[in-house]
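The sequence lines fix the lettering, A, B, ..., with proteins before strands; numbering per chain opens at 1. Note that these values count all heavy atoms, side chains included, but never hydrogens, waters or copies made by symmetry.
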2 protein chains.
Amino acid sequence: MAAQRKISERTVERISRYRRLLESIHATSDNPFIYSHEIASLCGLTAAQVRRDLMTIGFSGSSARGYEVAELLRSASSFLGFSHERRMALVGIGYLGRALLDYFVDRNPLFKLCAAFDADPGKVDRVIHGVRCYPVTQLKTVLATHQVSTGIITVPADAAQNIAWELVEAGVTGILNFAPVQIRVPANVFIENLDLTSALEKVAYFAGNFSDKERTKK
Amino acid sequence: MAAQRKISERTVERISRYRRLLESIHATSDNPFIYSHEIASLCGLTAAQVRRDLMTIGFSGSSARGYEVAELLRSASSFLGFSHERRMALVGIGYLGRALLDYFVDRNPLFKLCAAFDADPGKVDRVIHGVRCYPVTQLKTVLATHQVSTGIITVPADAAQNIAWELVEAGVTGILNFAPVQIRVPANVFIENLDLTSALEKVAYFAGNFSDKERTKK
DNA sequence: CGCTTACTGTGAAAAGATTAACAGCGTTAA
DNA sequence: TTAACGCTGTTAATCTTTTCACAGTAAGCG
Ligand SMILES: NC(=O)c1ccc[n+]([C@@H]2O[C@H](COP(=O)([O-])OP(=O)(O)OC[C@H]3O[C@@H](n4cnc5c(N)ncnc54)[C@H](O)[C@@H]3O)[C@@H](O)[C@H]2O)c1
Ligand SMILES: NC(=O)c1ccc[n+]([C@@H]2O[C@H](COP(=O)([O-])OP(=O)(O)OC[C@H]3O[C@@H](n4cnc5c(N)ncnc54)[C@H](O)[C@@H]3O)[C@@H](O)[C@H]2O)c1
């Protein structure tokens with residue numbers, strides 16, 4: 001269970017993509033094997049990159065036949081922690097929060113979105129997309145009964161840091177933040193600040209300064 | 001107008017964050033100057049990183065007083081292309097598409113979301129959040145009249161690649177894709193595949209394998 | 001069986017991104 | 001006017017990530 005040290009964020013993200021790709025291949029294709037260059041091509045990466053990633057999680061294939069799909073799927077799932085149930089909570093049931101609720105509820109039974117919170121009395125004390133919505137004042141109480149490890153923040157920027165602190169105090173050790181502020185957390189908590197505005201402005205930038213010059217995406 | 005070669009994606013994203021930070025500082029603070037270490041601290045970065053980024057876009061400050069806020073704001077805006085109007089279109093008016101419409105409409109007058117498309121007849125031929133919604137069959141026709149450089153894809157995975165091709169044929173040179181497939185485009189088009197599932201699974205991974213081991217976020 | 005082929009696993013090289021370190025300078029204070 | 005200070009701009013060092021390149025290996029084939 002003790003993971004080896006220092007697997008990079010990039011690698012974990014790619015494993016997540018491989019896993020979903022394999023899931024779909026496993027369900028639709030009857031070929032039980034797959035080569036690194038096939039995975040690579042489907043994910044827009046190089047074969048060397050794929051082999052290195054699989055090496056990092058300690059998975060081995062066979063030369064001349066490649067990787068066994070079912071085995072690799074199992075291995076990637078186990079690496080990502082799908083072997084035991086993980087619980088998540090979401091704070092901020094606005095447009096974005098609702099989209100995420102809709103999408104992530106019941107997508108994976110071991111990845112349970114079990115509570116949502118909002119400050120607006122009109123949005124709580126009901127069930128949206130199957131998830132119970134509570135007043136944000138009850139955050140600590142509710143999380144105490146649920147063993148939640150991961151939080152999603154979709155509140156306005158000025159409330160985000162406070163919500164993060166409350167989540168951490170409630171025992172959350174990983175946060176995905178969509179508010180456009182850089183949230184600070186203790187060193188033993190993982191924070192991903194996902195800034196959609198930056199992402200869009202980046203695309204617009206390269207859409208402009210790019211159309212004439214070549215470049216293959218990373 | 002010819003930008004110098006090879007500014008990294010990471011740098012562009014950070015410039016976007018600096019720009020919004022400066023906008024807010026410019027509006028609220030009466031100090032016309034700011035130091036690299038102040039920007040750094042507010043963005044969760046090192047001062048050296050900030051100075052390097054500003055050097056990259058060719059902006060100079062004064063020793064002993066730092067950077068002039070208004071000037072830097074102007075310079076970052078101009079770098080990102082806010083000097084002339086940029087037009088965007090969105091395809092897929094589902095939960096996520098609607099959240100993005102709501103958020104990006106009228107956020108910046110030079111960054112115009114001017115059309116949305118969907119295959120569902122029940123969702124088109126009306127105005128949502130101020131944006132006109134068209135049947136996806138009219139995509140090429142409508143974009144031809146609008147000079148759109150940037151597209152946002154929020155359709156289901158199996159439709160995403162086709163939509164991308166249509167956008168490219170309609171003259172779009174940058175695409176932000178939320179569907180969980182790796183979209184391929186010609187080399188002169190910029191594509192950003194933003195996979196929210198990977199982001200969330202990454203957070204969950206580190207939330208688990210992390211709480212006991214230190215680590216300072218990138 | 002042994003030869004051919006096309007793959008994997010992986011050190012080593014290359015490329016890319018961040019951080020350190022410091023010379024040089026403008027400002028302020030004396 | 002000069003000295004001290006604390007900043008910027010930038011080069012060099014470091015750290016990280018990706019790619020190259022090839023030895024080793026299993027399968028297919030004659
Ligand atoms: N929607 C997007 O496409 C988009 C894009 C970029 C960034 N964001 C960011 O994501 C966040 C959410 O965006 P949105 O469009 O869903 O906003 P929204 O205004 O629709 O939703 C925010 C929700 O948070 C709730 N809220 C406010 N203060 C709260 C508090 N202290 N505790 C609990 N709940 C609270 C509000 O009641 C509301 O339901 C914002 O920070 C926004 O800047 C969103
Ligand atoms: N909502 C999320 O939080 C979330 C998270 C991760 C990934 N995604 C991805 O983002 C995309 C959109 O997610 P969503 O939750 O908004 O889905 P959704 O089902 O709510 O919306 C999809 C929309 O696309 C439209 N559509 C379908 N085929 C089309 C076509 N060929 N042309 C034009 N429009 C078409 C549908 O009518 C619908 O309105 C999906 O690919 C999903 O996998 C969403």
Side-chain angles (χ1 to χ4, degrees), chain A residues 4-18 22 31-69 71-72 75-76 79 182 193 198 202 206 214-218, chain B residues 4-18 22 31-69 71-72 75-76 79 182 193 198 202 206 214-218:
Chain A
Q4 60 272 59
R5 255 343 44 192
K6 288 293 248 184
I7 289 177
S8 83
E9 286 186 41
R10 292 284 187 77
T11 298
V12 176
E13 280 178 17
R14 284 190 300 262
I15 300 292
S16 160
R17 294 209 270 124
Y18 301 157
L22 290 162
N31 183 347
F33 288 91
I34 192 166
Y35 294 121
S36 63
H37 68 260
E38 296 177 297
I39 298 176
S41 151
L42 289 162
C43 291
L45 302 165
T46 66
Q49 177 87 83
V50 172
R51 292 204 301 276
R52 163 94 39 204
D53 286 337
L54 298 192
M55 185 183 120
T56 305
I57 67 166
F59 190 83
S60 285
S62 107
S63 53
R65 272 190 310 180
Y67 303 94
E68 211 181 328
V69 173
E71 273 304 310
L72 181 47
S75 186
F79 170 80
Q182 215 62 14
N193 291 296
S198 289
K202 175 176 75 171
F206 285 111
E214 91 290 38
R215 172 101 181 282
T216 342
K217 180 71 204 314
K218 159 208 58 194
Chain B
Q4 62 272 59
R5 253 346 40 194
K6 288 294 250 184
I7 288 176
S8 83
E9 287 186 41
R10 292 284 187 79
T11 298
V12 176
E13 280 178 15
R14 284 191 300 261
I15 301 292
S16 160
R17 294 209 269 124
Y18 302 158
L22 290 162
N31 184 349
F33 287 91
I34 192 166
Y35 294 121
S36 63
H37 68 259
E38 296 177 297
I39 297 176
S41 149
L42 289 161
C43 291
L45 302 165
T46 66
Q49 176 86 85
V50 172
R51 292 203 301 277
R52 168 154 310 271
D53 286 338
L54 299 191
M55 185 182 117
T56 304
I57 66 166
F59 190 83
S60 285
S62 107
S63 53
R65 272 190 308 181
Y67 302 94
E68 210 180 330
V69 173
E71 274 304 310
L72 181 47
S75 185
F79 170 80
Q182 215 64 15
N193 291 296
S198 288
K202 175 175 76 171
F206 284 111
E214 90 293 34
R215 173 97 185 285
T216 344
K217 180 70 203 317
K218 158 208 64 191

Do the side-chain N or O atoms of [X] get closer than 4.0 angstrom to the phosphate oxygens (OP1, OP2) of [N]?
X     : N      : result
B/S60 : D/dT8  : no
B/R51 : C/dT19 : no
A/S36 : C/dT8  : yes
A/Y67 : C/dG9  : yes

Rounded distance (Å) that lies between atom [atom2] of [N] and atom [atom1] of [X]:
X     : N      : atom1 : atom2 : answer
B/I57 : D/dT8  : CD1   : P     : 14 Å
B/M55 : D/dA12 : CE    : C1'   : 12 Å
B/E9  : D/dT17 : CD    : P     : 16 Å
A/F59 : C/dC7  : CZ    : P     : 17 Å
A/H37 : D/dC20 : NE2   : P     : 16 Å
B/D53 : C/dG16 : CG    : C1'   : 14 Å
A/R10 : D/dT19 : CZ    : P     : 11 Å
A/E13 : D/dT18 : CD    : P     : 10 Å

Is there, by distance only and without an angle test, a donor paired with an acceptor across the side chain of A/S63 and the base of C/dT8 below 3.5 Å?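 Under the 3.5 Å cut-off, the side chain and the base do not form any donor-acceptor pair.
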Between the base of D/dT19 and the side chain of A/R52, is there a donor and acceptor pair under 3.5 angstrom?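 Indeed, a donor on one side and an acceptor on the other fall under 3.5 Å apart.
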Considering all heavy atoms of both residues, which atom of A/Q182 and which atom of A/N193 are nearest to each other, and what is their separation?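 That closest heavy-atom pairing would be NE2-ND2, 3.5 Å.
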Minimum heavy-atom separation for B/Y18 to B/I39, with atom names?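 Looks like CD2-CG2, 3.8 Å.
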Residue [X], side-chain heavy atoms: nucleotide from [options] that is nearest:
X     : options               : value
B/Y35 : D/dC20, D/dT8, D/dT18 : D/dT8
B/S8  : D/dC7, C/dA17, D/dA27 : C/dA17
A/Q49 : C/dG9, D/dT19, C/dA20 : D/dT19
A/A64 : C/dT19, C/dG9, D/dA27 : D/dA27

Please answer whether the main-chain N or O of [Y] pairs with a side-chain N or O of [X] as donor and acceptor at a distance below 3.5 Å.
X     : Y      : result
B/Y35 : B/A40  : no
B/T56 : B/R52  : yes
B/R17 : A/S198 : no

Give A/R65 one of three labels, base, sugar-phosphate or nothing, depending on what nucleic acid heavy atoms sit under 4.0 Å from its own.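 A/R65: backbone/sugar contact only, no base atoms under 4.0 Å.
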With DNA chain D as reference, determine whether A/S62 or A/T46 sits nearer its 5' end, using the nearest nucleotide of each.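 In this pair, the answer is A/T46.
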